[in-house]
Amino acid sequence: MTIAITGATGQLGRHVIGKLKQKTGADGIVALVRSLDKAQDLGVEARVADYTQPATLEAALAGVDTLLLISGNEIGQRAVQHANVITAAGKAGVKHVVYTSVLHADRSPLSLAPEHLQTEADLKASGIAYTILRNGWYTENYTGSIKPALANGAFYGSAGEGRIASSARADYAEAAVVVLTTDGHAGKTYELAGDTAYTLAELAAEISKQTGKDVPYKDIPEADYAAALKAAGLPEGFAAALASWDVDASQGALFDEGRELSRLLGHPTTPLAESVKLALA
Ligand SMILES: NC(=O)c1ccc[n+]([C@@H]2O[C@H](COP(=O)([O-])OP(=O)(O)OC[C@H]3O[C@@H](n4cnc5c(N)ncnc54)[C@H](OP(=O)(O)O)[C@@H]3O)[C@@H](O)[C@H]2O)c1
C-alpha cells in the first residue's frame with residue numbers, strides 16, 4: 001500500500017512523515033513536495049507535486065492508494081488548488097483521500113472556512129472514498145507569540161474570554177497517521193481539537209508561571225491588534241486576518257469539547273503547559 005502526503009515539507013507534513021515512518025517504515029511513503037531540495041532530509045521517496053500545476057499532480061499520484069491532502073497556505077487560492085489535487089487523484093486511481101479541513105467548517109465564522117467547505121464538497125462529489133480531518137487551532141499559533149510577549153511585557157490579543165481548544169501540531173499529525181493506517185475512517189468527518197480549552201489570560205498566566213515574569217494578557221480592539229501585528233512585520237492582509245480570527249475566537253470559534261482528537265489518538269492531547277514549555281526551551 002502506497003501512502004502519499006502533500007505539503008510534506010511543511011510543518012504539519014514533516015510531523016506526519018516522521019510519525020508514519022515510525023509506524024510503517026519508509027517504504028510505501030511518498031512525500032509530495034514543491035521542492036525536491038527541501039525534501040532531501042525526509043528519508044522517504046519524494047515527488048514534485050504543485051497544486052497550481054495539474055500535470056505534476058497526476059504524475060506524482062501514479063500508484064498511490066491513499067492520499068493525505070494537507071491544505072495549502074495560499075489563502076484565497078486554495079479551493080482551486082485543492083480541486084486540482086482531487087481531480088488528479090481521481091484520474092490516477094487514488095482509492096482514499098484524507099483532507100485537513102478546519103474545525104466546524106460548516107458553521108465556523110472564520111474567514112478560512114468557506115474555502116475548506118468548498119474542498120470538502122469537491123471531495124464528496126469526486127466519488128473517491130474520503131475522510132475529513134477538521135483540524136482545530138494549532139497551539140503553536142499562540143505559543144509562537146511567547147517570545148514577543150516576553151519582550152513586550154504583555155501578551156496582546158483580541159480573543160477576550162473566548163475559550164480555545166487548540167492542540168499541538170504533533171497531535172493532529174498523529175491523528176492523520178491513525179486515519180491513514182487503520183480501517184473504518186472512510187466517509188467520516190472528525191472535529192479535532194484539544195481536550196482542555198483555555199483563555200488567552202490563562203495562557204498568559206501559564207507563561208508567567210513558567211518564566212517567573214509577570215506577563216499579563218491585554219485584550220485590545222481588533223484594529224489595534226491588526227496594527228500591532230503589522231508593525232511587528234506581518235503583511236497587512238495577514239495581520240488583519242489574524243486579528244479577525246482572534247475576534248472570532250472571542251465568540252467561541254476555536255472552542256470544541258467533543259474530544260474526538262484524543263479518542264482517535266487513544267491518549268490525551270498535549271497539555272497547554274507542555275506546549276508552553278516546548279516554546280520556551
Ligand atoms: N489549524 C491551524 O491552526 C492552522 C494554522 C496554519 C495553517 N493551517 C493549515 O494547515 C496547513 C498545514 O499547516 P502547516 O503548519 O504545515 O503549514 P505550512 O508549514 O505553511 O505548510 C504548508 C505546506 O503547503 C505546501 N504548499 C503550499 N502551496 C503549495 C502548492 N501550490 N503546491 C504544493 N504544495 C504547496 C507548502 O510547500 P513548501 O514546503 O514548498 O512551502 C508547505 O509544505 C496549512 O497549509 C494551512 O492550510 C492550519
Side-chain angles (χ1 to χ4, degrees), residues 4-19 30-42 44 46-61 67-89 98-105 108 110-120 132-145 159 164-176 190-194 234-235 238 241-242 244-246 248-249 253-256 261 269-270 275:
I5 295 102
T6 71
T9 45
Q11 299 167 90
L12 181 68
R14 284 184 176 276
H15 279 291
V16 172
I17 297 278
K19 288 172 190 296
V30 177
L32 300 180
V33 301
R34 284 194 286 196
S35 155
L36 291 176
D37 275 353
K38 265 180 91 175
Q40 275 180 0
D41 60 340
L42 291 177
V44 298
R47 300 179 187 168
V48 170
D50 188 320
Y51 299 158
T52 64
Q53 295 179 37
T56 65
L57 297 169
E58 203 180 328
L61 289 168
L67 171 67
L68 174 63
L69 169 53
I70 292 183
S71 50
N73 53 11
E74 293 176 282
I75 296 169
Q77 310 298 316
R78 297 181 296 176
V80 172
Q81 294 181 350
H82 299 160
N84 288 341
V85 179
I86 293 165
T87 302
V98 180
Y99 173 64
T100 64
S101 181
V102 70
L103 186 67
H104 305 147
S108 174
L110 295 172
S111 58
L112 298 163
E115 277 185 313
H116 285 294
L117 205 55
Q118 181 61 53
T119 298
E120 290 189 9
I132 294 165
L133 305 176
R134 287 184 173 168
N135 288 349
W137 234 223
Y138 302 148
T139 306
E140 290 89 339
N141 297 346
Y142 284 119
T143 56
S145 301
I164 297 158
S166 71
S167 203
R169 262 194 197 87
D171 292 337
Y172 296 109
E174 188 179 335
Y190 294 102
E191 304 285 356
L192 301 180
L234 289 184
F238 191 55
L242 279 174
S244 81
W245 301 336
D246 241 30
D248 293 336
L254 306 182
F255 180 72
D256 181 84
L261 178 52
T269 59
T270 305
S275 295

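Order of appearance sets the numbers: ligands from 1, and atoms from 1 within every ligand.
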For atom 25 (C) of ligand 1, the protein heavy atom that lies nearest, with its residue and separation:
Gly7 CA, 4.0 Å
Heavy atoms only: which of Ala193, Ser166, Gly72 lies closest to atom 47 (O) of ligand 1?
Gly72
Evaluate Asp50 for polar contact with ligand 1, using N/O atom pairs at a separation under 3.5 Å.
yes
Nearest heavy atom to atom 38 (P) of ligand 1 wins, so pick from Glu140, Lys38, Arg14.
Lys38
Between Asn141 and ligand 1, find which residue part has any heavy-atom pair under 4.0 Å and reply side chain, backbone, both or neither.
side chain
Validation row: Tyr172, Leu133 side chains within 4.5 angstrom (heavy atoms)
no
Taking the side chain as C-beta and beyond, is there a heavy-atom pair between Leu110 and Val102 under 4.5 Å?
yes
Please confirm whether Gln53 comes under 4.0 Å of ligand 1, counting heavy atoms of the residue only.
no
Nearest protein heavy-atom contact for atom 13 (O) of ligand 1: which residue, which atom, what distance?
Tyr138 OH, 2.9 Å
Please confirm whether Thr100 approaches ligand 1 to less than 4.0 Å, judged on its heavy atoms.
no
Mind checking side chain to side chain contact (heavy atoms under 4.5 Å, CB included) for Phe255 and listing every partner two or more places apart, or none if nothing turns up?
Arg163, Ala197, Glu257
What atoms of ligand 1 come within less than 4.0 Å of a heavy atom belonging to Arg78?
46 (C), 47 (O)
Show which atoms of ligand 1 fall inside a sub-4.0 Å distance from at least one heavy-atom site of Glu74.
28 (N), 31 (N)
Return the closest protein heavy atom for atom 15 (O) of ligand 1 as residue, atom name and distance.
Arg169 NE, 2.9 Å
Would you say His116 has any N or O atom under 3.5 Å from an N or O of ligand 1, going by distance alone?
no
Closest non-hydrogen atom pair between Asn73 and Arg78, with its separation:
N-CD, 4.1 Å
With Tyr51, which of Thr6, Thr56, Val80, Asn84 fulfils side chain to side chain contact (heavy atoms under 4.5 Å, CB included)?
Thr6
Considering residues at least two apart in sequence or located in another chain, which fulfil the side chain to side chain contact (heavy atoms under 4.5 Å, CB included) criterion with Ala49?
Leu32, Leu57, Ala60
Below 3.5 Å, N or O to N or O, backbone or side chain included: is there any such pair between Ala8 and ligand 1?
no
Tell me, with the steps shown, if Asn135 and Thr100 meet side chain to side chain donor-acceptor pair (under 3.5 Å).
CA-CA 6 Å; Asn135 288 349; Thr100 64; 4.9 Å; no
the protein heavy atom lying closest to atom 9 (C) of ligand 1 turns out to be Ser71 OG, 3.7 Å
In the protein, which heavy atom is nearest to atom 17 (O) of ligand 1, and how far is it?
Gln11 NE2, 4.3 Å
Would you call Arg134 and His104 a side-chain contact if the rule is heavy atoms closer than 4.5 Å?
no
Counting from 1 in the order shown, the ligand 1 atoms closer than 4.0 Å to a non-hydrogen atom of Ile70 are 11 (C), 12 (C)
Within the structure, does Tyr51 bring an N/O atom to less than 3.5 angstrom of an N/O atom in ligand 1?
yes
Please step through side chain to side chain contact (heavy atoms under 4.5 Å, CB included) for the pair Ser275 and Glu140, ending with a clear verdict.
CA-CA 7 Å; Ser275 295; Glu140 290 89 339; 5.8 Å; no
If only side-chain N and O atoms count, and only distance matters, is there a donor-acceptor pair under 3.5 Å linking Asp37 with Ser35?
no
Would Gly136 count as a contact residue for ligand 1, given that I'm defining contact as a non-hydrogen atom of the residue lying under 4.0 Å from a ligand atom?
yes
If you round to the nearest 0.5 Å, how far is CG of Leu117 from OG of Ser108?
10.0 Å
Take Trp245 and Leu112 through the test side chain to side chain contact (heavy atoms under 4.5 Å, CB included) and record every step on the way to the result.
CA-CA 9 Å; Trp245 301 336; Leu112 298 163; 3.5 Å; yes
Pick whichever of Arg34, Gln77, His15 has a heavy atom sitting closest to atom 28 (N) of ligand 1.
Arg34
Students should be able to answer this: which protein heavy-atom is nearest to atom 20 (O) of ligand 1, and at what distance?
Asn73 ND2, 2.9 Å
Say whether Gly10, considering both its backbone and side-chain N or O atoms, lies within less than 3.5 Å of an N or O atom on ligand 1.
yes
Please state which part of Ser35 comes within less than 4.0 Å of ligand 1, counting heavy atoms only: side chain, backbone, both or neither.
neither
Identify the protein heavy atom lying closest to atom 16 (O) of ligand 1, giving its residue, its atom name and the separation to 0.1 Å.
Leu12 N, 2.7 Å
Name the one of Ile70, Asp50, Leu67 that satisfies side chain to side chain contact (heavy atoms under 4.5 Å, CB included) with Val85?
Leu67
Would you say the side chain of Trp137 lies within less than 4.5 Å of the side chain of Leu103, judging by non-hydrogen atoms?
no
Quick one: look at Val33 and ligand 1, take heavy-atom pairs under 4.0 Å, and tell me if it's side chain, backbone, both or neither.
neither
